[in-house]
Amino acid sequence: MTERISFTRYLVEQQRDHGRIPPQLRLLLEVVARACKRIALAVNKGDLGDVMGTASTENVQGEVQKKLDIIANETLIEANEWGGHLAAMASEEMEGIYLVPNRYPQGEYLLLFDPLDGSSNIDVNVSIGTIFSVLKKPEGHPGVHESDFLQPGSAQVAAGYCIYGPQTTLVLTVGDGVAMFTLDREQGSFVLTRENIRIPEDTKEFAINMSNMRHWDAPVRRYIDECLAGETGPRGKNFNMRWIASMVADVHRILMRGGIFMYPWDKREPNKPGKLRLMYEANPMGWLVEQAGGSATNGCERILDVQPTQLHQRVSVILGSKNEVERVTSYHGEAGSNA
Ligand code: P6P
């Protein structure tokens with residue numbers, strides 16, 4: 001039985017007893033957790049607050065912003081800009097990086113986030129979430145530039161998400177496995193409810209948007225066709241399918257019971273490697289999955305080894321149960337296909 005300690009105590013013990021995180025990173029993560037609590041309050045208001053529906057603006061991705069996208073983004077910026085832990089932030093909702101204003105002390109960390117992932121589900125009351133990733137600012141030069149963010153996922157010092165679902169649950173890794181914290185609304189704090197999460201290496205459950213099937217390349221088509229063939233096919237077992245269209249919710253399910261999640265390259269936009277963003281979706285989720293014993297690739301190489309060239313670059317994502325991810329990746333290898 002996991003001892004129900006607070007998020008703060010967990011971080012203090014990671015700092016003091018395990019030497020995993022320095023004080024400044026601990027304080028940063030506590031600020032992010034508090035911001036997620038405030039976002040949860042706004043999300044939970046629904047139609048009772050003026051938070052539903054779309055704003056009259058588009059984000060850098062050209063996507064119409066939901067009011068809650070903007071609220072979540074502003075909440076994370078306001079919570080993090082004054083603390084002295086950060087040098088700058090980057091968000092799916094902002095084209096350029098956000099430098100900590102000069103009136104505040106500059107810190108040594110870079111925070112990246114998708115403030116509200118899955119926001120197409122907001123108006124239909126389906127789970128959504130905040131995804132975050134923490135990097136260290138490179139030393140040796142004054143100021144902060146966008147290029148400082150362009151580090152591979154293997155350089156992350158912390159990564160996690162907060163899922164706003166039937167429970168509000170914060171999931172975190174600092175490189176010592178994956179821990180989950182459930183928001184206790186009576187005391188207003190996150191409480192450790194699971195740790196040392198392990199993803200089963202095999203699964204019978206895949207997550208992919210099947211409506212794109214005609215656009216996939218051959219290795220993905222082969223893998224899904226084999227799953228659909230069931231116990232009489234080459235896999236010798238029947239598969240189930242789930243697709244929530246909210247990466248946070250699909251990844252959370254995989255952390256809880258296994259599975260494979262795929263958003264692969266497809267020929268609709270051949271020059272784009274995929275839909276999902278590397279820096280603040282695939283990298284944090286990829287590290288969490290690896291820390292829980294799973295795998296995360298772009299079809300050809302480990303997600304965390306991809307060297308970023310642009311802040312908002314996209315990537316194909318295949319992550320989850322190790323043996324299934326390796327199978328799909330081997331099919332790509334056989335086909336010599338692009339990622
Ligand atoms: P589709 C949400 O917009 C998102 O970025 C991920 O959270 C999710 O997995 C994916 O896109 C859903 O994409 O094309 O199925 O709507």
Side-chain angles (χ1 to χ4, degrees), residues 36 39 43 52-55 57-73 90-94 112-133 159-165 169 171 205-217 220-221 224 241-256 259-270 272-289 294 296-299 303 311-320 325 328:
C36 289
I39 295 169
V43 166
M52 301 293 270
T54 56
T57 52
E58 287 189 352
N59 65 14
V60 63
Q61 328 289 342
E63 297 162 342
V64 174
Q65 291 179 301
K66 299 282 193 180
K67 287 180 186 172
L68 273 172
D69 283 325
I70 296 169
I71 292 168
N73 193 59
S91 166
E92 181 194 48
E93 300 300 330
M94 301 185 299
L112 302 93
F113 46 83
D114 180 354
L116 208 56
D117 174 69
S119 47
S120 61
N121 286 309
I122 292 173
D123 296 341
V124 293
N125 200 8
V126 170
S127 299
I128 50 184
T130 298
I131 309 173
F132 61 89
S133 171
Y161 61 82
C162 190
I163 180 169
Y164 311 114
T169 302
V171 180
E205 195 160 69
F206 66 88
I208 194 166
N209 184 334
M210 291 294 287
S211 69
N212 301 328
M213 177 178 273
R214 64 188 180 284
H215 305 305
W216 300 333
D217 67 4
V220 171
R221 184 67 188 263
I224 296 296
M241 195 213 93
R242 287 285 182 274
W243 188 250
I244 304 173
S246 175
M247 187 184 196
V248 171
D250 280 314
V251 170
H252 192 74
R253 185 191 59 253
I254 288 169
L255 283 171
M256 297 300 285
I260 182 169
F261 170 95
M262 302 167 75
Y263 211 112
W265 170 92
D266 75 43
K267 61 188 177 199
R268 284 176 293 177
E269 297 189 85
K272 276 185 184 174
K275 171 178 182 180
L276 302 180
R277 287 83 175 182
L278 175 63
M279 298 304 296
Y280 38 78
E281 288 178 338
N283 275 342
M285 292 311 205
W287 194 26
L288 284 164
V289 165
T297 79
N298 64 3
I303 291 272
L311 187 62
H312 297 292
Q313 79 182 62
R314 299 172 189 262
V315 68
S316 300
V317 178
I318 299 166
L319 60 77
V325 173
V328 182

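The basis for the numbers below is simple: all heavy atoms, side chains too, and nothing from hydrogens, waters or symmetry mates. One-based numbering along the sequence shown. Atoms within each ligand, like the ligands themselves, are counted from 1 in listed order.
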**Atoms of ligand 1, numbered as shown, that sit under 4.0 Å from any heavy atom of Met247** = 6 (C), 7 (O), 8 (C), 9 (O)

**Request:** Report yes if Asn209 has an N/O atom closer than 3.5 Å to an N/O atom of ligand 1; otherwise report no.
**Result:** yes

**Message:** Against ligand 1, does Gly118 come closer than 4.0 Å with any heavy atom?
**Reply:** yes

**Asked** Can you check whether Asp117 has an N/O within less than 3.5 Å of an N/O in ligand 1?
**Response** yes

**Prompt:** Are Trp243 and Phe206 an aromatic pair by the rule of ring centers under 6.0 Å?
**Reply:** no

**Message:** Would Ser120 count as being in polar contact with ligand 1, using the rule that some N or O on each side must be under 3.5 angstrom apart?
**Reply:** no

**Request:** Considering the heavy atoms of Ala245, write down every atom of ligand 1 situated less than 4.0 Å from one of them.
**Result:** 2 (C), 8 (C), 12 (C)

**Prompt:** Do side-chain atoms of Ser316 reach the backbone of Trp265 as a donor and acceptor pair under 3.5 angstrom?
**Reply:** yes

**Prompt:** Quick one: salt bridge (charged side-chain N to carboxylate O under 4.0 Å, His left out) partners of Arg221, sequence neighbours excluded?
**Reply:** Asp225

**Prompt:** Closest non-hydrogen protein atom to atom 13 (O) of ligand 1, residue and atom name please, with distance?
**Reply:** Lys275 NZ, 3.0 Å

**Asked** Does an N or O anywhere in Val248 fall below 3.5 Å from an N or O of ligand 1?
**Response** no

**Request:** State whether the number of non-hydrogen atoms from other residues, nucleotides or ligands found under 6.0 Å of Asn209 atom CG is greater than 12.
**Result:** yes

**Message:** Nearest 0.5 angstrom please: Tyr161 OH to Asp114 CG, how far?
**Reply:** 14.0 Å

**Item:** Partners passing salt bridge (charged side-chain N to carboxylate O under 4.0 Å, His left out) against Arg214 (at least two apart in sequence or in another chain)
**Value:** none

